[in-house]
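All remarks here apply to the structure that follows.
Along the sequence shown, residues carry numbers from 1.
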Amino acid sequence: RELLGSDREIATGSDSTILRAASAWDMEPLVKAGYALHGLLRHRGHASTVLSTGRELRLAIVDGSCFGGHWGSVLAFSGAVPHAVDMEPYEKRGKELPASRPLLIRAARTLGKAFATHLLYDGLMMCRADFRLARRLKMHLVVKTSEEKSLEIIASSKEVWTGLCERDLERAGVETSTGYDSKRHVRWQVRAQGGIRWEGLQYPLKVAWVEETHLKGKYAGKMFTFWAVT
């Protein structure tokens, strides 16, 4: 109401008026509030995720989104209470990655390095520079992607693994696990191998090939495949 210059109980205005008024909003306190909320949730133990193994992780997620025609890269946490923390706006589709990097650096400056144990991102961050950035910020980057052909490290892993029997996979150091997710009604299989070198990157990577078969719901009978690299 104050930004619109209205003293009515419910202030209304046209789209252009609302946009003009909102542009005068001081965003800094709002950004600080997002970090303060995260600090409170973390202090109360609600910002972490506990795996089925009992291991406790702080999972940060960065992804691009569009809000009524306004683009922004969003930092969120997948904990006991999922919550967004910060956002970096960008001009248009395709500009997400250049916005995500300063967003992460700002979060590390505000929360300190190692503000998360793992950073989850899609295939856009499947590049050496972002693996290096994550390590400088004292966290592990986990990239999920369905792209196989253009990424040599994935294409070569798939070629080798599909050519080996289960016994030879085990001898080669490939971990294989299967299971059933009763909540989602999904049967899954994971093949994973660590110590894989990617030329130009100092740190060895672990590559996982995940196959999920849906047994119920609208995707019943369909199998989805993706790769996770960390």
Side-chain angles (χ1 to χ4, degrees), residues 41-42 45-63 74-84 114-127 130-131 134-135 138-198 201 203-230:
L41 291 171
R42 182 169 174 175
H46 299 323
S48 300
T49 297
V50 180
L51 303 183
S52 58
T53 60
R55 185 182 180 190
E56 184 175 326
L57 304 176
R58 293 190 310 279
L59 302 178
I61 302 171
V62 175
D63 200 6
V74 180
L75 169 66
F77 278 79
S78 176
V81 178
H83 58 285
F115 63 81
T117 57
H118 295 74
L119 167 66
L120 313 183
Y121 211 107
D122 60 28
L124 283 177
M125 270 199 173
M126 187 62 198
C127 63
D130 291 302
F131 280 103
R135 294 306 295 144
K138 305 296 184 183
M139 66 185 76
H140 296 286
L141 174 62
V142 183
V143 173
K144 176 186 176 183
T145 180
S146 298
E147 181 57 48
E148 296 180 350
K149 295 181 179 179
S150 65
L151 295 171
E152 190 277 332
I153 191 172
I154 290 178
S156 59
S157 296
K158 183 177 182 180
E159 182 180 1
V160 172
W161 295 351
T162 53
L164 297 175
C165 65
E166 291 299 322
R167 182 188 301 173
D168 290 337
L169 283 171
E170 186 177 350
R171 289 174 177 171
V174 179
E175 307 163 42
T176 302
S177 59
T178 58
Y180 178 67
D181 184 339
S182 58
K183 290 184 179 180
R184 298 168 57 225
H185 303 291
V186 170
R187 194 176 304 282
W188 51 265
Q189 176 177 267
V190 179
R191 301 182 189 91
Q193 187 170 18
I196 296 179
R197 292 287 177 177
W198 195 13
L201 191 63
Y203 311 99
L205 297 174
K206 188 163 191 175
V207 178
W209 179 12
V210 183
E211 293 176 324
E212 294 185 336
T213 302
H214 291 246
L215 304 182
K216 292 185 179 181
K218 65 178 181 179
Y219 298 119
K222 291 187 177 181
M223 185 176 76
F224 295 87
T225 298
F226 64 88
W227 294 78
V229 182
T230 185

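Shortest non-hydrogen contact noted between Ala192 and Ala208 is CB-CB, 3.9 Å. Shortest non-hydrogen contact noted between Phe77 and Ala47 is CD2-O, 4.3 Å. Taking each heavy atom of Lys183 and Asp181 in turn, the nearest pair found is N-OD1, 3.1 Å. The two residues Met125 and Val143 come nearest to each other via the heavy atoms O-CG2, 3.7 Å. Shown here for Thr230 and Leu141, the closest heavy-atom pair between the two residues is OG1-O, 2.8 Å. Across all non-hydrogen atoms, the minimal contact from Ala60 to Ala116 is CB-CB, 3.6 Å.
Remark: Ser78 OG to His83 NE2 distance equals 10.0 Å, nearest 0.5 Å. The structure places NE2 of His185 at 14.5 Å from OG1 of Thr213, a figure rounded to the nearest 0.5 Å. In this structure, SG on Cys165 lies 10.0 Å from CD on Glu170, to the nearest 0.5 angstrom. The distance from the SG atom of Cys127 to the CH2 atom of Trp198 is 7.0 Å, given to the nearest 0.5 Å. Once rounded to the nearest 0.5 Å, the distance linking OG1 of Thr49 with CG of Leu57 reads 7.0 Å. Taking CG of Asp63 as the reference point, atom OH of Tyr121 lies at 6.5 Å (rounded to 0.5 Å).
The side-chain heavy atoms of Thr162 and Trp209, taken from C-beta on, include a pair separated by under 4.5 Å. With a 4.5 Å cut-off on side-chain heavy atoms, Met126 and Phe131 count as touching. In this structure the side chain of Leu215 reaches within 4.5 angstrom of the side chain of Arg187, judged on heavy atoms. Inter-residue side-chain proximity for Asp122 and Lys144 is flagged as unmet; no heavy-atom pair is nearer than 4.5 Å.
Using cut-offs of 30° and 60° for the angle between ring planes, the His140 and His118 rings count as tilted.
Counting non-hydrogen atoms of other residues, nucleotides and ligands closer than 6.0 Å to CZ of Phe226 gives a total above 12.
Side chain of Gln193 to backbone of Ala172: a donor-acceptor contact under 3.5 angstrom is found. At distances below 3.5 Å, not a single donor-acceptor pair connects side-chain atoms of Thr178 with backbone N or O atoms of Trp188. Thr117 places a side-chain N or O within 3.5 Å of a backbone atom of Arg58 that can act as its donor or acceptor partner. A donor-acceptor contact shorter than 3.5 Å links the side chain of Arg135 to the backbone of Met139.
Each of Val229, Leu120, Leu59 was checked for a side chain to side chain contact (heavy atoms under 4.5 Å, CB included) with Val142, and the lone residue meeting it is Leu120.
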Determine, stepwise, if the pair Glu148 / Thr225 fulfils side chain to side chain contact (heavy atoms under 4.5 Å, CB included).
CA-CA 10 Å; Glu148 296 180 350; Thr225 298; 4.1 Å; yes
Worked check of side chain to side chain contact (heavy atoms under 4.5 Å, CB included) between Lys158 and Trp227:
CA-CA 10 Å; Lys158 183 177 182 180; Trp227 294 78; 3.7 Å; yes
